[in-house]
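Presented below is the structure to which this report refers.
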There are 2 protein chains.
Amino acid sequence: MKRNTWQRDAVREALEHEAGFVSAQSLHTSLRGGGSSIGLATVYRALADLAAKGQADSLQQEGESLYRACTSGHHHHLICRNCGTTVEIKADAVEQWAHAVAAEHGFTRPEHVVDVFGLCASCSAR
Amino acid sequence: MKRNTWQRDAVREALEHEAGFVSAQSLHTSLRGGGSSIGLATVYRALADLAAKGQADSLQQEGESLYRACTSGHHHHLICRNCGTTVEIKADAVEQWAHAVAAEHGFTRPEHVVDVFGLCASCSAR
DNA sequence: TACTCTATTGATAACGAATATCATTAGCAC
DNA sequence: GTGCTAATGATATTCGTTATCAATAGAGTA
């Protein structure tokens, strides 16, 4: 049976207060900095749970997993390589394309990774 | 100055003889199995070089980098979650969409990660 | 409320991929 | 051949993540 603990709530809340994507490690550090006694392993577990339930989405960058509170439904990201700013983007056309291309080759249960990296306007200026 | 060594050639050749994506570790193991005395660090360096020169493409899966000899130009992949079979897919529509969406938000130098994971026909059957 | 059961926690050890170190080796220009 | 130095490779190290396991604390039940 699933139990509700203050630790899970703390992780979800902390994630919602973050501006962009954060790693499990840095989320743990900021929770500790805020006076919490939560353990690192628990942060990893809570984030994995949130991601599994669709309440957070994640992406891989430079060998580590970054998480972000999931605001609504399925979407993708436009991420600044330099400052980490992220923009959520809807891409219905790409969703359909992914399904079509999977079906075309006999693949089932398609999931896709679609992220666009670049330099945001302010980082481009520099 | 760049020097040509038999180690780099061995890595490129081994990569070309692989069917799908392989990790640096497994490529090193198979090279060693074939009688080579190449070092693990060298395999990592050679793969990074190949990827940087566009002669190999890579993707992240479960926290490790996988490499594959790059046959031609830019493309994406349809990958079986179960057996690792990969199919190269062209997606001009997605390329254009990525550029358009990046430009729309003021992003420059867009690069994108577009991979579709699923279960291939034979794995679906089981 | 007291009791029981067991999911969850957290300190820490363990693991694994990738990188750094550095003495040795071997391309390549001359 | 000689000299310079990029490249190699055994190994140590770093770092993100997961496993271990005793202790803790939800959540039903009496």
Side-chain angles (χ1 to χ4, degrees), chain A residues 1-15 18 20-53 55-68 79 81 84 113 115 117, chain B residues 1-15 18 20-53 55-68 79 81 84 113 115 117:
Chain A
M1 179 212 319
K2 203 78 166 189
R3 292 175 183 174
N4 296 326
T5 62
W6 64 264
Q7 286 94 337
R8 281 187 215 275
D9 290 340
V11 169
R12 183 169 52 238
E13 199 171 331
L15 196 62
E18 289 288 337
F21 281 84
V22 277
S23 66
Q25 307 257 6
S26 67
L27 200 63
H28 176 243
T29 302
S30 66
L31 278 164
R32 281 299 184 97
S36 175
S37 63
I38 195 170
L40 177 60
T42 303
V43 175
Y44 272 99
R45 282 186 286 242
L47 286 173
D49 283 357
L50 287 172
K53 280 189 289 185
Q55 296 180 24
D57 53 16
S58 64
L59 63 86
Q60 307 286 318
Q61 195 176 23
E62 288 163 26
E64 69 178 344
S65 294
L66 302 182
Y67 297 88
R68 189 187 194 186
I79 304 138
R81 253 197 303 275
V113 177
D115 289 305
F117 293 84
Chain B
M1 182 211 316
K2 202 77 164 189
R3 291 175 183 173
N4 296 327
T5 61
W6 64 263
Q7 286 94 336
R8 281 188 215 274
D9 289 341
V11 169
R12 182 170 52 239
E13 199 171 331
L15 196 61
E18 290 287 338
F21 281 84
V22 277
S23 66
Q25 307 259 2
S26 67
L27 199 64
H28 175 244
T29 302
S30 67
L31 277 163
R32 281 298 185 96
S36 174
S37 63
I38 195 169
L40 177 60
T42 302
V43 175
Y44 273 100
R45 282 185 286 240
L47 286 173
D49 283 358
L50 287 172
K53 280 190 286 184
Q55 297 180 23
D57 54 15
S58 64
L59 63 86
Q60 306 286 318
Q61 196 177 22
E62 290 163 23
E64 70 178 345
S65 293
L66 303 182
Y67 297 86
R68 188 184 194 189
I79 304 138
R81 252 197 302 275
V113 177
D115 290 306
F117 293 85

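Chain naming here is simple, since letters A, B, ... match the order of the sequence lines and numbering starts at 1 in each. Everything quoted here is computed from the prediction, not taken from an experiment.
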Distance, rounded to the nearest Å, where [X] contributes [atom1] and [N] contributes [atom2]:
X       : N      : atom1 : atom2 : answer
A:Arg3  : C:dC5  : CZ    : P     : 12 Å
A:Glu64 : D:dT17 : CD    : P     : 6 Å
B:Asp49 : D:dA7  : CG    : C1'   : 10 Å
B:Asn4  : D:dA6  : CG    : C1'   : 12 Å
B:Glu62 : C:dA17 : CD    : C1'   : 13 Å

I'd like to check the salt bridge (Lys or Arg N to Asp or Glu O under 4.0 Å) partners of A:Lys53; sequence neighbours left out, ordered by chain and number.
none
Sequence neighbours excluded, the answer for salt bridge (Lys or Arg N to Asp or Glu O under 4.0 Å) partners of B:Asp9 is B:Arg12
Partners of A:Phe21 by ring-ring contact (aromatic ring centres under 6.0 Å, His included), sequence neighbours excluded?
A:His77
Using the side-chain heavy atoms of A:Tyr44, tell me which of these nucleotides is nearest: D:dT18, C:dA17, D:dA27.
D:dT18
Out of D:dA27, D:dT17, C:dA18, which has the shortest distance to the side chain of A:Gln25?
D:dT17
Listed partners of B:Ser58 passing side chain to side chain contact (heavy atoms under 4.5 Å, CB included), at least two apart
B:Tyr67
Just report the end-to-end axis angle for the helix from C:dT1-D:dA30 to C:dC30-D:dG1, five pairs per end, to 10 degrees.
40°
At less than 4.0 Å, is any side-chain N or O atom of A:Ser65 found next to OP1 or OP2 of D:dG16? Yes or no.
no
Pair listing, salt bridge (Lys or Arg N to Asp or Glu O under 4.0 Å) test, anchored in residues 33-43 of chain A, at least two apart
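Qualifying pairs: none.
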Provide the full list of salt bridge (Lys or Arg N to Asp or Glu O under 4.0 Å) pairs with a residue in residues 28-37 of chain A, sequence neighbours left out, each pair given once.
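Pairs touching residues 28-37 of chain A that pass the test: none.
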Below 3.5 Å, can you tabulate the donor-acceptor pairs from side chains in residues 36-47 of chain B to any protein atom, sequence neighbours excluded?
unit_1, atom_1, unit_2, atom_2, d
B:Ser36, OG, B:Ile38, N, 3.2
B:Tyr44, OH, B:Gln25, NE2, 3.0

Step through the shown structure and confirm whether more than 12 heavy atoms of other residues, nucleotides or ligands are within 6.0 Å of CD on B:Glu18.
yes
Atom pairs, protein N/O to nucleotides 9-14 of chain C N/O, distance under 3.5 Å:
unit_1, atom_1, unit_2, atom_2, d
C:dT9, OP1, A:Thr5, OG1, 2.7
C:dT9, O3', A:Gln7, NE2, 2.9
C:dG10, OP1, A:Gln7, NE2, 3.1
C:dG10, OP2, A:Gly39, N, 3.1
C:dG10, OP2, A:Thr42, OG1, 2.7
C:dG10, N7, A:Arg45, NH2, 2.5
C:dA11, OP2, A:Arg32, NH2, 3.0

